[in-house]
Amino acid sequence: MARALRTDGMRKCIGCFSCMTVCAAVNKHNFSISKSAIKIKTNGGLKHGFYATVCHACKDDRACLEACPTGALVERKGGGVLLNKDMCTGCKKCVDACIVGAVFFDEEENLPIICKHCGSCTRFCPHQCLTMEEVDDVL
Amino acid sequence: MFYKDYIRVLNINLSTGRIRVDKRKDLRAYLGGVGVASKLLQENMNPDLPPLHEDQPIIFAIGAASSVFPVITKTVAMFVSPLTGELGESYAGGRLAFTMLHAGYDAIVITGKSQKPCYVTVTQTGVEIKDARAFWGMDSDKVGSYIRNREHGSGKRSIIRIGPAGENLCSYASVCVDTYRHFGRLGLGAVFGSKLMKAMQVTGDLPMPIPNFKDYFKTYSKLYKQVTETEVMAKYHDAGTPINVEPLSAMGGLPTRNLTSGTFEHAENISGEAFAKNNLIRKMACTGCPVGCIHIGQFRREFDHGYEYEAISVGYDYELIYALGSFLGVDNTDGVLYVIDAVERNGLDAMSCGVVLGWACEALERGIITEEQTILPLKMGDYVNLAKAVDYIAQGVNQLYTDMGKGVKHVAKKYGGYDFGMQIAGNEMPGYHTGYGSLVGALVGARHSHLCNAGYSYDQSNRDKELDKEKLVDYLISEEIERCLLNSLIICLFARKVYSRENIRMVLKCVGLDYTDETLTDIAKRILRTKLEIKKSLGFAIQDVKLPKRFFETPTTTGKLDQYMANEIAEEYARRCEEILAEEDESIKEFV
């Protein structure tokens, strides 16, 4: 069964940033959280709690995919998309198309940063703010 | 820098506006953190000038393994302390280490003095000194908001700033780091103020490839597991450090009412459990720490009739509860948070502030100072007036409050009551009256902090045994040396038990530093030697310190202390320091 990342527990977040560190390390072999596919931010300073910006694993209509002129983004089982790096031109149309702002861009690699829903971040979330949910296999 | 053979130092001169970056291979001999910062302080300070002279530097340094392993989260600041006149060394968590690493700097040296109030921005694409005239006079919370709105870098920045106390050069003014953390002790805030520097924002997200991902991630995962799944760290997360309030009071080691007692009869009302029940609303973490020991408590204040309330949330910890709670006879959690809020807004060190107020309450009661001078009828437990007095200290509203802002040693020497102005070598006492370990430990510790060598911990674990002077001195000196190593990585001391030598060597290896235990011990000793040299050059000698008599009148957890015995232990420690200073540093050649 396919799985997708959920962020329903974010009100419990302590802001340790372990998820971002681990995402960048595992997926990009890099220490910089700018490479992470999940971003933790505050709602205007540390007094106001944290929220996570990450791929929602859209199922039916995938705006990023629709916007991609080259077909570099393809449907992922269980929601979201997968990136075919060789076909990407770095046009950033997917970045603009995602209205939750969850497609980031790696300027160094000239590629979008696409969450694969691998679940590494959830394994290093001390409060289970981030979890993996089993979802239908549908494309 | 990771995988490099040099330390990258950013130099900012506020007088000339010049910015310079140095790559220093020689500084590798000091590993990072406190080692690098000590050497840079020694190079840049001028022992013949006063601490707040514009030619005195501020040094920030991150550690050799900062931010990429769990709980290695701290930044060290070093300076000449305006409070003690000697070694200034203070640590803060938050996001500063993380952002300095990703901005590409191991250390920042700030010298000179700006012509007008300024703030500094450090990014991977440049350093700027900017106009802060309109920020001058603002409390630290407010200036944080303004800079947050004005500058870019949301989610990957750290904003450090001073409040009115720093601007007004109070000797124990603090620097607030990311709202809830601080460079608290020894007056870094005043050094900022003396340079007309209100704040600094550091932003960074430089790409940093991990060449040995497998080794790195294996190590990271192992340490993450140890930190989150073992009992070692649980107490810091659960009720947090305030869990110590009740047991310490029961043992008679909780400084109470200006140290007239070691037991607070209302300890239960200001215990870790009481705060958790009454006020705790959330916990937070420094970047890179899955433990999350930052406890935020909320209280409400009625600001007008008709059920008009404001909600105020502040961070609390054991040290704050001691200094602004039991030490001042404040017997309820809301009252303690009320005073913490005043200390936060003004940007003062909570411990020093509490101890100064403790002296003031007693001095007024004894008639050494008058109500005309204190303006308020200051007394133990009256947290509303105590909080007002905090404002008066920060603003220096009259001569007495200006003197109180210079520290308890200064004010008690001038007005009287030296023997109940509870300081150790000029630094206000920490929250432990546990025995010779805590008292002598703070006296001989390089920065006169309970964290130099954890003498309080020795007292508690050796409570039932007879005093063994040699053993105590051995413990204090070996702990001081080992902490030089921890502080050169810079590991949060709460995780000291997780970071054994084996684990330390493992994380260093992951970032390209493969050292033997012997080399690490040599480095740690080298760091202590540098600190001792700095202290000597600033005229400090253990033998010159005159401790207030009350330390020997109020029983500790291990009974009453004897002044001569304390001096004897301190002198033995001083002798051992001389030995360390005289040692030939053979292994430094490996790094040159």
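Below, chains carry the letters A, B, ... as their sequence lines are ordered, and counting in each starts from 1. Only heavy atoms go into these numbers, but all of them, side chains included; no hydrogens, no water, no symmetry mates.
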Which bit of A:T21 is near chain B, if near means a heavy-atom gap under 4.5 Å: side chain, backbone, both or neither?
side chain
Name all residues meeting the salt bridge (Lys or Arg N to Asp or Glu O under 4.0 Å) criterion together with A:E109; count only those two or more places apart in sequence or in a different chain, and write none if there are none.
A:K28
Considering only heavy atoms from C-beta outward, does the side chain of A:F31 approach that of B:P207 to under 4.5 Å?
no
Within-4.5 Å side-chain heavy-atom neighbours: A:H29 and B:Y216:
no
Is it the case that over 12 heavy atoms from other parts of the model lie below 6.0 angstrom from the CZ atom of B:R150?
no
Counting heavy atoms not belonging to B:F217, are there more than 12 under 6.0 Å from its CZ?
yes
Work out which heavy atom in B:G155 is nearest to a heavy atom in A:F17; give both atom names and the distance.
O-CE2, 3.7 Å
Nearest heavy-atom contact between B:K283 and A:I14 is O-CG2, 3.1 Å
Can you tell if the side chain of A:F124 reaches within under 4.5 Å of the side chain of B:P290, non-hydrogen atoms only?
no
Choice from A:N30, A:V22, A:I40, A:I33 maximising heavy atom contacts with chain B below 4.5 Å:
A:N30
Out of A:C125, A:C16, A:C13, which one racks up the most heavy-atom pairs below 4.5 Å with chain B?
A:C16
Chain B contact via A:R123 - which portion, at a heavy-atom distance below 4.5 Å:
backbone
Where the side chain of B:D205 meets the backbone of A:S34, is there a donor-acceptor pair that is under 3.5 Å apart?
no
Closest approach of A:S32 and B:L206, non-hydrogen atoms and distance?
CB-O, 3.1 Å
Checking B:N149 against chain A: side chain, backbone, both or neither under 4.5 Å from a heavy atom?
neither
Taking all heavy atoms of B:F213 and all of A:A25, pick out the closest pair and write down the distance.
CE1-O, 3.0 Å
